[in-house]
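Accompanying notes for the structure given below.
None of these values were measured; they are calculated from a predicted model. Throughout, protein chains are lettered first and strands after them, A, B, ... in sequence-line order, and every chain is numbered starting at 1. Values reported hereafter were calculated over all heavy atoms of this structure, with side chains retained and with hydrogens, waters and symmetry mates removed.
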Amino acid sequence: MANMAQAIRMALHHGEQKLGVTEIFGEDVGPPLGGVFTATQGLERSWNSPLDERGIIGAALGLAWAGGRPVAEVQFVDYIFNAIDMLKLAANGHWASGGKYKTPMVVMTPTGSGIHGSMYHSHSFDSVATKLHGMKVVCPSTPADAYGLMISAIKSDDPVLYLKPKALLRTRGEELLPGEPDEKTLHDMIDAPLGDRTKWKPKWPKLGEYSVEIGKAKISHPGSAATVVTHGRMAPICLDVARRLKADGKGEVEVIDMRTLIPYDWEAISASIKKTGRVLFVNEETEITNFGEHLIRRTVDEMFYDLKVRPRLLAGKATPGIALSPNLEYFIQPQTADVERAIGELLADPA
Amino acid sequence: MANMAQAIRMALHHGEQKLGVTEIFGEDVGPPLGGVFTATQGLERSWNSPLDERGIIGAALGLAWAGGRPVAEVQFVDYIFNAIDMLKLAANGHWASGGKYKTPMVVMTPTGSGIHGSMYHSHSFDSVATKLHGMKVVCPSTPADAYGLMISAIKSDDPVLYLKPKALLRTRGEELLPGEPDEKTLHDMIDAPLGDRTKWKPKWPKLGEYSVEIGKAKISHPGSAATVVTHGRMAPICLDVARRLKADGKGEVEVIDMRTLIPYDWEAISASIKKTGRVLFVNEETEITNFGEHLIRRTVDEMFYDLKVRPRLLAGKATPGIALSPNLEYFIQPQTADVERAIGELLADPA
Amino acid sequence: MPAKTPVKSSAKAAPAASSDPYKKLGAARLLEIHELMVRSRLLEERLIKMSKGGDGFFWIGGPGEEAFNVPLGLHVKKGHGVNHDFLHLHYRSSAIVQALGGKPIDALRQMRSVATDPYSKGRNFVNHYAIPEWNIVPISPTIETQYSTSIGTGIAQARAKTDAITIVNGGDAGSAEGDFHSCLVWANRPVLPLPILIVVVNNGWGISTKEETQHGERHIADWAKVFPDMPGKTIDGNDVVSSWNALDEAFAFIRKNRKPYLLEARCSRLYGHSSSSGANRIPEADCIELLEKNLVSRGLAKADALKKVWAAEAAALDAAHQQVKQEPFPAVETVWQDVFADGLPPSYPTKGGS
Amino acid sequence: MPAKTPVKSSAKAAPAASSDPYKKLGAARLLEIHELMVRSRLLEERLIKMSKGGDGFFWIGGPGEEAFNVPLGLHVKKGHGVNHDFLHLHYRSSAIVQALGGKPIDALRQMRSVATDPYSKGRNFVNHYAIPEWNIVPISPTIETQYSTSIGTGIAQARAKTDAITIVNGGDAGSAEGDFHSCLVWANRPVLPLPILIVVVNNGWGISTKEETQHGERHIADWAKVFPDMPGKTIDGNDVVSSWNALDEAFAFIRKNRKPYLLEARCSRLYGHSSSSGANRIPEADCIELLEKNLVSRGLAKADALKKVWAAEAAALDAAHQQVKQEPFPAVETVWQDVFADGLPPSYPTKGGS
Ligand SMILES: Cc1ncc(C[n+]2csc(CCOP(=O)(O)OP(=O)(O)O)c2C)c(N)n1
Ligand SMILES: Cc1ncc(C[n+]2csc(CCOP(=O)(O)OP(=O)(O)O)c2C)c(N)n1
Ligand SMILES: [Mg+2]
Ligand SMILES: [Mg+2]
C-alpha cells in the first residue's frame, strides 16, 4: 500500500503526464529532495523555488492566468501567513473579473499537528482556508483519497487549497489504488535511493483511472447512534474509536470524513444528523472561530428540531501556539482519549 | 460632540503626552494628511512610514520589545493580509518566550463596510483577529468608547488590535467625554485647515480621565425580551432598531455592544441570555467560520437549557468580496432591514 | 547592454536638425499617440466628474501618465495566451488600456457600476480592468501584488518558444513592498531568467507621502544595480519621445534576451491621489500640453487640428455617458455568479446567517 | 567609508610578519574565541545526539558558523534596553549566545523541553532563544521575519542618544523574502537611517536548494549597491580573523554614523540543514580546525592545550546533560501561563470544545 506522500506523488505524475501540469514548484520541491515529505520526488516538472511564499503563490496565479495548471507548495502551512492576501487574490479573481479569468491552480501544504512540530510545524488552517471564498479546500485522510482529490484538484478550473495532514503523510491506508503494486515493489519503483540521486529515475506504476469528487464527503464508518464529522489527522482517530465502540457493543457511530471543506457536503452531514439526532464535530484547530462552529451553527439553524441532544465540538485549545513538550502538545491538541470521551458523552447524553 | 476620528486623535494625544507613546506611524499617518480618516492629525509623534505593512507591524513589534508603546496603523484592514504572520508573532511572542517578553503595542486599522468601498475597502477581520491568540482585540462603536478603549489599549502590556469601523469614523456619539468642548469649538481647535497646513498646530482640549476597560461589554439598550450581541458598524444599527421596537411597543430587546472581541465579556452575554432565553448575534463578516458562530457554539454548550428558541446569526453573505454597486453591497452586507427582520423573527419564534 | 546608470532625459529636446527625436518618430505616430492621450485624459476627467456628481463613488486613475502609458500600450504584442504580451497593471493604467483599444464607455460602466461593466459586473472600482483577450490580468486594488503575479506569466513565457514578454506596472511608493523584491529575485534566477519589463511609474508621491522621505536609493531604477544581467534606467515619462525610445530599447532587449529590464518613468500626478484627496487639478507638468507644444513648434501639427481631436473625443464621451446612464444596475442575485468556475453548489450557504 | 565592492578575504593568511592579522589580534583574544567556539560546537553536537537518541525531537542549529558568530557576540554591547545592542537572531545563532555568556545547560533544557527551559518553558524548538537581559528578542522559526522586527529596535536606537545598535542575522536563502527588502528600505530612509548591522550568513544552501540556482546577484552584499549610504561587504566567515576585522569595521561604522551596514559572511553548514536531513557531518571546511591550525602554526597555542579545552568543555556538558535528564517536564496547566501579560480571564474558553 502506498503511503500518502507516495499517493500524492503518483497523482502529480499523472498530472504532469496527462492533465497538463507543467510546473510543480516550491521550496525544496525539486531534486534532489523532492519535498520535505517526499511528495514531489522523481517528478519531471518539479523544481525548487526561492524561499518566498508570496512569490510562490504569485507565480502560481500568474501561471494559471497564462493557461497553465500549476501545482505550488508552501512547505508548511505554518509559513503561509505572509501570503494570505495572495491566496485571497487567487480565490476572488474569477469573481472580481466578472467571470473573465479562471484560476486553475493547486496550492498544497502540510497542515496540522502530530509530528512534534512545536509552534511552527503544527498549525491548522481550516478557519482562514474556509474564508477564502472562491477557493476550494480539500483535506484527505487516506492515501487513496489523497490521490483522488489531487486528480480532481488539478482538473478543477477553480483554485484548490490542498491541505496535507502532516501526521498522515507517511501512513498507509486500507484501500489500494487501481493497479497499485505491493508496498515493497512500489518502494523500489518510486522512492529515491539514499545517497547520490543524480542518476536515479523512478519507474511509475500504471494505475487505473481514479478520482475523488471535490465536495463529496465519505462515510468511513456507518452507524445510526450518533454522527461524528471530521477530517484530516482526526479522521483515522475517529474511525478507530468508532470501530472499537462497535466491537465493544457500545454503539454504532457514523463517522463522516469531510474530505472537502469548501464546498462542504452538507447533504451527507445533514442526512446523517437527521438519522442519528446526535452530532460531534471534530477537528484540531483552536476552538475560537473554528470551522466546526460554522457547521454547528448551520445544524442549529436548519436541524434544531432533529437534534436529540445538543451538538458538540471537539477542537484544539486556544493557546497562542502548540507546545513542543509532548504532554503539552497532547493537552492542547485533541487525541484519541479526547475523542473517546467526547463520543462517550454524546452517546450518554439523555435525549 | 467629537466624531470617532477626533476621539481617537485626542486619545493618541493623551497617549503621547502622558502614557509614553513615542511612535505613531503608518502609511500617510503623519503630516500633512494625518491619516486617511484624519485620526492622527496634529499629533506630535506621528509620521509617515514606507508603503509596507510587514515593515509596519515588524517595526511596532521591535519598538515594543525595545520598551516603547508604539501605535501603528494599517491603512485599511483590507491590506493587512500580507502580514498575518507578523501579527501572529506579536500575539504569540509573550507565550513563546515563556513570559520573558511583553509586547505593548497597538495596531489600529479601519474595518468593515459602509463607505462604498468595494472589494478592498469593505473587509471585516474578526475571524482572523479572534484567532491571533495572545492578541487582544477591540472594536468601538461610539466616539467615547473609541477614546476609552484607545487609552486602555495603549496602557495594555499585551498587543492590542484596535479595529475602527470605517463607516463610523465620521459619526458622532451621544455621550460627551469629560471636559469635551462643543462641536464647533472642538473643530476649530483640533481639525487641520484645508490648504496649507505647514504652520498649523492644534489646540488640544483638556479632558478628564476616561477609559474603557478591555474585556467589558456595554449594554447599550436594556431589555428582557431578547438579547442582541453585536459590535462595530452593526452596533448603532441594532441600537436604533431596539429603540424603535420599544417605542412601537413591540418588545424590549437588550443590545450588548461587545466592544472587546478578545477576551470577550462572556459574563455579560451569558447573563443576558439567561434572562431572555433568546439571542441573536450580529456582525458584518461573512457567515462561514464567523466569530458569532463561536459565540453560538458556546451558548449551545453552556446554556442549551436556558434557551427558549434557537440562537441565531446575522452576518455577511459568503461572496468572494463585497461588491461596489450599492444594491449589491446592501445585499451582501447586513443592513437595518435585515436586523429588523432577524430580531422580529427572534421575538416571534414560539418558545 | 543598455547603460546601468540611470539616464535623466530632458523634456526640452532641441527642435532643429534631422536628428530631432520628434521628427524621427514622425507625425503620423505622434498624432496617433496624441489622440490616444487626449482620449485617456478626457476619460479620466469624465470619471472624476462622475465621482463628484454622484454618478459613481470612488475615483482613482492615471491622468498625467499618458505620455508614458500610451507609448507603452503601443509597444505591446496584443492578444491572448503566452505568445502575446501579458500585462499586470494597476489603477493608473487607463491610458495603456486605451492604447490597446479599450473602449471609454466600458470604463464609464465600471465607474457607475452598472450591469454592463465588462470588467467586474459592477463589483470593483473604476480602472480595475480584466481583459483576457489582451492578456490584461485582473487589476487588484492591493498595491504591488501585481509584481508577484507577473512572475507566473513570466515563467510561462520563459518556457515557451516566443518573443512575447510580461509587463508589470506600479508606483514608486509601492516599491517598498516585498512583492517588488520577489519580482526582482525571481526575474533574475540564474536557472530561469524571466522576460519581464518591470516598470515603476514614479510620480513622487504615495498618497500624501513624499518620495524623498522614504527612498534611500537615488533612483528606483538603482535596484537594477544588484543584478549584473538586468539593465535599469530612469526616464522622463512626461515626454512622449523619451518614453517611446526607452520603451523601444527595453522591449527589444527583453524580447531578444529573455531577461528582465527595470524601467522607472517619472510622471506627473495631475489630479492628486484619488477622489479621497479631492481629485482637483494639481499644478504639475502636463504631458499633453508639452506634446502639443512640441508638435506645433516643429510644424508636425497645427494647433487647430489638435483642438479638433479634443472636441471629437469629448463628443464621443458625451454620447457614451448618456448611454451608460440608461443602463441598469446589476441584479442582486448576480453576486452568486462567478464564485466558482463550475457554479454554486446547491447547499452553499447563501442566507448571510440563520 | 568602507569599500562597496565585496571583498573576498582569503582563509589562508600568511603567517609571517608582524602585520600577521592573527598575531595582531593576539593569543589571549584568540584563545578566548577558541574556547567559546569549542563550547558552541560541542553544545550543538550534544543537541544532535539528544535529537537522535530520543532525548528531544527536532534539532536545528549552527555548527560551522562559530568563527563568525563568536566574534560577533564579542562585539556586542551587552545589556538591557535601547542603550545596549539588540539582537534579532535565528536558529543558527547559538555561538552568538554562547559568546554573550549563554549557559549550555539552558539549551539542553530547551532541547529536552523540560520545565526549566528558560527560553520557552518547553514550548519552542531548541536554539530559539529569548533573553531580555541581553536584548536577545524572541527567535521565531519563521524565516526572515527578524529582518522586519529589527526595524523597530533600530528606530528606538536611532531616536536615542546612544551608540548602541541593532544586529539582525539570518541565512542566504531567506534573503528572497520580502522582509529582507523591508529591512533594506526602512534602514535607509533619508529621514531616519537606522543603525542596523544587517548580517546574512551565506552557507550556500536553503535546506536542499543550492544558492547558485536562485541568486542572480553575484553576492548577497550587492544589495547594498542600491543605497549610496550603506556599505556592503562579503567576507570569509570561516576565518576568525577575517570575521573579527570585518565586524570591527562594521560595528564601528554603525556606532558612529548611525547608518546601516550589510555584511555577508560565507560559512560552512557542518551538519546539514537539521535533524530532518539526518544531521550528519558534511565534508565542508571546519572553522575550528582551521583556527587551531593557524594558532599552532604561529605558535600562538599548543595542540595539547587546545585538546584540553575540548575535554573540559565536554566534561562540563556531560554534567549538564545528566542534570537536565533529572528535571521534570512542564505540567499541562502551564500552557495557560503567558497567554496574556495580565493573566487569563476567568471566562476565556479552555476546554478545547464543548
Ligand atoms: C497593500 C496596500 N496597502 C495600502 C494600500 C492603500 N493605498 C492605495 S494607493 C496607495 C499609494 C500608492 O503609491 P504609489 O505606489 O506611489 O502609486 P501611485 O498611487 O502614486 O501611482 C496606498 C497606500 C493599498 N491599496 N494596498
Ligand atoms: C517563512 C518560512 N518559510 C519556510 C520555512 C522552512 N524553512 C526553514 S529553514 C529553511 C531554509 C533557510 O535557508 P537559509 O535562509 O539559507 O538559512 P540556513 O538554514 O541555510 O541557515 C526553510 C525553507 C520557514 N521556517 N519559514
Ligand atoms: Mg506614486
Ligand atoms: Mg543558507
Margin query: Under the rule for side-chain hydrogen bond (donor to acceptor under 3.5 Å, both in side chains), what residues qualify as partners of C:Q157, not counting sequence neighbours?
Written below: C:T166
Compile the donor-acceptor pairs under 3.5 Å between side chains in residues 59-69 of chain A and protein atoms, sequence neighbours left out, one pair per line.
from: A:R69; atom 1: NH1; to: A:I154; atom 2: O; distance (Å): 3.0
from: A:R69; atom 1: NH1; to: A:K155; atom 2: O; distance (Å): 3.4
from: A:R69; atom 1: NH1; to: A:S156; atom 2: O; distance (Å): 3.0
from: A:R69; atom 1: NH2; to: A:D157; atom 2: OD1; distance (Å): 2.7

Check: Taking the side chain from A:R54 and the backbone from C:T145, do they hold a donor-acceptor pair closer than 3.5 Å?
Finding: no
Check: Do C:D338 side-chain atoms and A:H94 backbone N/O form a donor-acceptor pair below 3.5 Å?
Finding: no
Item checked: Proximity breakdown for C:I139 and chain A, heavy-atom pairs closer than 4.5 Å -> neither
Out of [options], which one racks up the most heavy-atom pairs below 4.5 Å with chain A?
options	value
C:S148, C:P138, C:A130, C:S182	C:P138
C:G122, C:P118, C:S120	C:S120
C:R159, C:E133, C:H128	C:R159
C:H88, C:R123, C:R189	C:R123
C:D117, C:D179, C:L192	C:D179

Next item on the list: Write down the atom of C:S354, the atom of A:R297, and the distance for their closest heavy-atom approach.
Entry: N-NH1, 3.7 Å
Check: Does a side-chain heavy-atom distance below 4.5 Å link A:M86 with C:T142?
Finding: no
Notebook entry, point to check: How many angstroms lie between atom OH of A:Y264 and atom OH of C:Y348, to the nearest 0.5 angstrom?
Noted result: 9.0 Å
Note to self: If I measure from the heavy atoms of chain C, does A:K100 come under 4.5 Å with its side chain, its backbone, both, or neither?
What the structure shows: both
Notebook entry, point to check: Is chain C contacted by the side chain of A:I57, its backbone, both, or neither, given a heavy-atom distance below 4.5 Å?
Noted result: neither
